[in-house]
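Down below is the structure, laid out as structure tokens.
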Amino acid sequence: MKSASLSRTMRDRVDLRAIVLLTLVWVMLWGSLGWLDVIGGVIVAVLVCLFFPLPRLEVPMAVRPVALLRLGAHFLWDLSVASASVAWTVFTARRPPSGTMFEVPLRSTDELFVATTAGMTTLVPGSVVLDIDRSVGTLLVHGFAVYTPEEQEAFRHRVWRQEELLLKALDPHAEQVLSCAPGEPIEGQSALTGRIRKGASEEGEE
């Protein structure tokens, strides 16, 4: 009876899709794609699912191993390039560098893929996601040393490439979603910028 109960608990708590996502996050945090890192990530993911049960994922997923490896490799490349770029900017700038806040509309509106894209964007040095409008799949980001509209557009293309690889790796409807172009920036029209501006005005009044 105990073995049957344990087996049922394992089935209820261990979700393969959650294992894949948690392992991916683990590898991204370590910043390497060695076998020991992957195995360690799987072990940690299983333990997290067993002792800290996660809600069942409602978003359908289709794990494509080759596309998943491509996603991981591209993300690690982005980490390396962005780290070098930020370091160069900091050490060569004549004045303290800053950046701008702008919106990045995504193709997908599924919460899982929007949140994962936001997390991967924030993990890359020089970019921070400040807020998410899940209803329209839009990120409000701050780009380090990003000032002009052209630089903002280049930043958006980097995020869109990351989202594209993520969808190809995990979304069963990737082709359908990617057939649509990302929406136009909705600066000043979404709840995101309105929320930020409201907070800034309240701080100014204090």
Would a hydrophobic clustering, with Ile, Leu, Val, Met, Phe, Trp and Tyr connected at side-chain separations under 4.5 Å, put [X] with [Y]?
X: Val146; Y: Phe144; result: no
X: Ile19; Y: Leu47; result: yes
X: Val128; Y: Val86; result: no

Do [X] and [Y] make a side-chain contact, defined as non-hydrogen atoms from C-beta onward lying under 4.5 Å apart?
X: Val159; Y: Thr117; value: yes
X: Leu170; Y: Val63; value: yes
X: Pro105; Y: Arg156; value: yes
X: Ser108; Y: Glu163; value: yes
X: Met101; Y: Val141; value: no
X: Leu123; Y: Thr121; value: no
X: Leu139; Y: Glu103; value: no

Expected output: side-chain [X] to main-chain [Y] donor-acceptor under 3.5 Å:
X: Asp110; Y: Leu112; value: no
X: Thr92; Y: Trp88; value: yes
X: Tyr147; Y: Gln152; value: no
X: Arg107; Y: Glu164; value: no
X: Thr138; Y: Asp133; value: no
X: Glu151; Y: Thr148; value: yes
X: Thr122; Y: Gly119; value: no

Of the non-hydrogen atoms in [X] and [Y], which two are nearest, and what is the gap between them?
X: Leu22; Y: Ala45; value: CB-CB, 3.6 Å
X: Pro125; Y: Ala82; value: O-CB, 3.4 Å
X: Gly137; Y: Thr109; value: N-CG2, 4.0 Å
X: Ala145; Y: Thr89; value: CB-CG2, 4.2 Å
X: Leu71; Y: Gln162; value: CD1-NE2, 3.2 Å

Gap between atom [atom2] of [Y] and atom [atom1] of [X] - 0.5 Å precision:
X: Ser85; Y: Asp78; atom1: OG; atom2: CG; answer: 11.0 Å
X: Leu69; Y: Leu165; atom1: CG; atom2: CG; answer: 12.0 Å
X: Leu106; Y: Cys180; atom1: CG; atom2: SG; answer: 13.5 Å
X: Glu153; Y: Phe102; atom1: CD; atom2: CZ; answer: 9.5 Å
X: Ile39; Y: Trp26; atom1: CD1; atom2: CH2; answer: 13.0 Å
X: Phe75; Y: Arg161; atom1: CZ; atom2: CZ; answer: 15.0 Å

Which is it for Ser127 and Phe155 under the side-chain contact (heavy atoms from CB on, under 4.5 Å) test, yes or no, and what are the steps along the way?
-> CA-CA 9 Å; Ser127 56; Phe155 186 102; 3.3 Å; yes
Between Leu68, Thr116, Asp171, which is the residue that forms a side-chain contact (heavy atoms from CB on, under 4.5 Å) with Leu166?
->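 One option only clears the test, and that one is Thr116.
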Full working for side-chain contact (heavy atoms from CB on, under 4.5 Å) between Ser83 and Val124 = CA-CA 8 Å; Ser83 298; Val124 174; over 6 Å; no
Ring centres under 6.0 angstrom apart (Trp77, His74) |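 That pair fails the under 6.0 Å test.
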